[in-house]
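Note sheet for the following structure.
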Amino acid sequence: RNFIEINKNFKKHHVRMENSGENHQDYVVLPVEGVAGGGTGFSTCVVHAQYCKYRATGNASTFGAYNSSGCKEREGKCSNCNTTQSFVGWSWYCRRCTSSMLVIGKSLTLRRVVPILGVPDALVPLDPVTQINLLPGETSALWISVDVPIGQPPGQYEGEIFVTAIKTDTESSTQPFSKGEKHQIYKDIRNCLEVVEPIYGAPLEEVAERVNSATSSLRKILLSSTFIECSAENGQGDLMDEDTLTNLSVRLKLNVTVWEFSLPMTPSLPAVFGISETVIEDRYGVEHGSDGWYDALDQHFKWFLQYRISPFFCRWGDGMRVLAYSCPWTAEHPKADEYYSDPRLAAYAVPFAPVITGTDATTDSLRKEVETLKTKSHWKKAYFYLWDEPLNLEQYNSIRNMSNVIRNYAPDARVLTTYYSGPSDAPLAPNNFEAFVKVPKFLRPHTQIYCTSEWVLGNREDLVKDIVAEIQPENGEEWWTYVCMGPSDPHPNWHLGMRGTQHRAVMWRVWKEGGTGFLYWGSNCYEKATVASAEIRFRRGLPPGDGVLFYPGEVFSTNQLVASVRLERILSGLQDIEYLKLYASRYGREEGLSLLEKTGVYLGPERYTLDHTPVDLMRGEIFCACRS
């Protein structure tokens, strides 16, 4: 594993490359891929990442040099800063690149990688010029993303990021607070008061939660750079004079080569991900149907589109019945057309019942929605998600009944059903798998999108042909897949602590198996909290990270939503599908499958690359083959 050591007086730095035995003085490569380790496979000091249009998010780590080639998308990298000193601030400064491509704060962004349960996962946004304070022996990882805008001319672009290790000047620490420091301290303390003031008469559980939140905020204030001197007096020890006076500055060079083709604006594979409306309501304290509620949902919807994901909001009912909708406004509202017409949206969920309770009756609301939407050109994106994983005949019949109501208004409507088994009390075949395979025949014509769990297949890819044989694409039927809880390691999934390529391989598996869409049940389904800044807790009974792909920014003292590293890897996988689809459109699907295997990227759910070099090789071959 590669890492950087900075000696105590910060006068020099060196690299130890345990795999290669080399000692390079010019720049350093540091893989940061999570608790499972590795996933990068880089053994040289220059990181070469190929990518194409919009955003390419890589999973490599770099400190010193960053060479990228591809067309227009996003590339992301991780860098480490570490110290053995008492208190050190790492100061990052981004210099504008040649041309207007890498606009600081837009095309080029920095995020701090914050551990969740000890695993680097939360990507907290940073300002272009920022300072990070580190405790003795602490390491901070930074995620650097480059977004290449649409219409950017092909060519080579350069830029630099400066990283400076600084020791707080003991003399300056005695100076009065600046106006900005005073304002920040005032703001932080005021926020603490706002959290604890409503506790009188509140339930004990809520009181404890608010006190914990305020305690966490106060601790952050005490550990800030403003109080470094006070912290040092409380046991941090004396600082050497030379430590106070010396700096270390490292330059991170960015070299970007933009390729001459683009990813499609509308994703080729619809990836529909759920967002719990009730989690938003509880944590942000917004009343269902209020202006604040609409604003919160609007923020989540627009933010998710940048990840090539088509979000839907969800509310769970009895027996896994689900109300799913992509737009909180009715179809007649101008906002609805804005949402549904967005070219970044590949599919949208239409609500079966009114989103705002107490308005129209269910059937009247549904009729109005369908009659309005089916006149629009975007109707082909529409689907209904009515029930999650039906288990018995009663639940399957509920899907049939609701589908009948929909089809009365729109015979061409699409209903999506997720399942991993047939009805337990009405066996469709002698064994469980055969009964599972027969579900399409049982549900037809009340479902058009049959969405099956990858968990059912295990490592038996040969079973896919049995599932696909029951689907009738000539009648508008599709086969989608999903992951939920399972499959577990070593199979591809998005659990916390899995390898970077293991996260990314979820989409490689989708493409190889031939699925035409993908569903993920929830992206913000952490434990209930009534304070926005409350600690994030994963739900009991679920693998860590399952159902959580982003975090509320307030937990990290920002008002922006905070993506996970896993979400960035999902984006990379979705972009990989676009590459493979482009290649298959020129040379056929069989050649695409052959390329996926011969480059060593993905051969099966237990056989895929553990580092990213084969991915770069595959993307490079696709570019060379399709550039003409």
Side-chain angles (χ1 to χ4, degrees), residues 265-267 270-317 321-386 402-403 405-416 449 519 522-524 550 559-561:
M265 174 77 79
T266 304
V272 298
F273 285 38
I275 305 172
S276 172
E277 63 162 32
T278 51
V279 169
I280 294 174
E281 291 165 2
D282 292 339
R283 182 168 280 270
Y284 293 100
V286 291
E287 183 180 352
H288 189 83
S290 65
D291 289 345
W293 181 81
Y294 280 106
D295 290 343
L297 268 60
D298 188 57
Q299 178 197 18
H300 283 73
F301 178 86
K302 292 177 177 177
W303 182 83
F304 234 148
L305 290 177
Q306 66 181 305
Y307 288 95
R308 300 186 72 80
I309 287 169
S310 298
F312 65 87
F313 300 100
C314 50
R315 185 193 314 158
W316 301 92
R321 179 172 176 168
V322 59
L323 176 65
Y325 59 94
S326 293
C327 179
W329 288 274
T330 62
E332 297 174 337
H333 195 282
K335 268 285 193 181
D337 211 45
E338 175 190 325
Y339 270 45
Y340 298 146
S341 297
D342 194 307
R344 296 170 296 173
L345 190 72
Y348 63 82
V350 182
F352 179 78
V355 172
I356 306 299
T357 55
T359 53
D360 295 338
T362 296
T363 53
D364 191 40
S365 168
L366 178 63
R367 178 184 57 80
K368 289 179 180 179
E369 287 288 297
V370 172
E371 287 182 353
T372 300
L373 292 175
K374 69 182 183 181
T375 64
K376 306 288 186 177
S377 59
H378 52 62
W379 171 246
K380 61 181 179 293
K381 299 182 186 179
Y383 67 94
F384 290 85
Y385 181 24
L386 307 173
M402 288 188 284
S403 178
V405 175
I406 295 169
R407 290 168 61 81
N408 284 337
Y409 303 126
D412 61 339
R414 299 189 302 166
V415 173
L416 179 153
I449 302 175
L519 178 141
S523 306
N524 65 333
F550 65 90
N559 59 3
Q560 302 179 52
L561 296 175

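Values reported hereafter were calculated over all heavy atoms of this structure, with side chains retained and with hydrogens, waters and symmetry mates removed. What you see is a predicted model, and the numbers here were worked out from it, not measured in a lab.
By the side chain to side chain donor-acceptor pair (under 3.5 Å) test, Arg367 is found to be paired with Asp364, Glu371, residues two or more places apart in sequence or in another chain being considered. Residues forming a side chain to side chain contact (heavy atoms under 4.5 Å, CB included) with Ala353 (at least two apart in sequence, or on another chain): Leu323, Thr362. Annotation: side chain to side chain contact (heavy atoms under 4.5 Å, CB included) contacts of His288 (sequence neighbours excluded): Glu277, Glu281, Trp293, Arg315, Ile356. Residues satisfying the side chain to side chain donor-acceptor pair (under 3.5 Å) criterion with Asn524, sequence neighbours excluded, are absent altogether. A search for ring pair (Phe, Tyr, Trp, His ring centres under 6.0 Å) contacts involving His300 returns Phe550, not counting sequence neighbours. In this view, Ser276 and Thr278 satisfy the side chain to side chain donor-acceptor pair (under 3.5 Å) rule, not counting sequence neighbours.
For the pair Tyr383 and Val272, the minimum side-chain heavy-atom distance is below 4.5 Å. Side-chain contact between His378 and Asp337 is present, with at least one heavy-atom pair separated by less than 4.5 Å. Residues Phe352 and Val415 form no side-chain contact, since every pair of their non-hydrogen atoms from C-beta on lies 4.5 Å or further apart. The side-chain heavy atoms of Leu386 and Ile406, taken from C-beta on, include a pair separated by under 4.5 Å. Proximity of Phe313 to Val355: side-chain heavy atoms (C-beta onward) are nowhere separated by under 4.5 Å. Contact of the Tyr284 side chain with the Gln299 side chain is not registered, since no non-hydrogen atoms from C-beta on lie closer than 4.5 Å. Under the 4.5 Å side-chain criterion, counting only non-hydrogen atoms from C-beta, Ser403 is in contact with Arg407. Considering only heavy atoms from C-beta on, Ile275 stays 4.5 Å or farther from Trp303 through its side chain.
The two residues Ser326 and Pro311 make their nearest non-hydrogen contact at OG-O, 3.0 Å. Taking all atoms of both residues into account, the shortest heavy-atom contact from Ala336 to Thr330 is CB-O, 3.3 Å. Between Ala382 and Val350, the shortest heavy-atom contact is CB-CG2, 3.8 Å. Here the closest non-hydrogen pair linking Pro343 and Pro267 is O-CD, 4.4 Å. The two residues Phe273 and Ser523 make their nearest non-hydrogen contact at CB-OG, 3.7 Å. When all heavy atoms are compared, the tightest approach of Ala349 to Tyr340 is O-OH, 4.4 Å.
Annotation: the span from Leu373 atom CG to Tyr409 atom OH amounts to 14.0 Å, rounded to 0.5 Å. The line from CZ of Phe384 to CZ of Arg414 is 11.0 Å long, rounded to the nearest 0.5 Å. Distance CZ/Phe312 to OG/Ser310: 10.5 Å, rounded to 0.5 Å. With values rounded to the nearest 0.5 angstrom, Asp342 atom CG is found 9.5 Å from Lys302 atom NZ. If you take OH on Tyr385 and CD1 on Ile449, they are separated by 11.5 Å, rounding to the nearest 0.5 Å. Met402 contributes atom CE, which lies 11.0 Å from atom CG of Leu366 (distance to the nearest 0.5 angstrom).
Distance alone, capped at 3.5 Å, is enough to place a donor-acceptor pair between the Lys381 side chain and the Leu345 backbone. In terms of modelled atom types and a separation under 3.5 Å, the side chain of Thr266 and the main chain of Arg344 share no donor-acceptor contact. For Lys335 (side chain) and Pro328 (main-chain N/O), no donor-acceptor pair under 3.5 Å exists by modelled atom type.
Note: Tyr339 and Tyr348 fail the aromatic proximity criterion, with ring centroids not under 6.0 Å apart.
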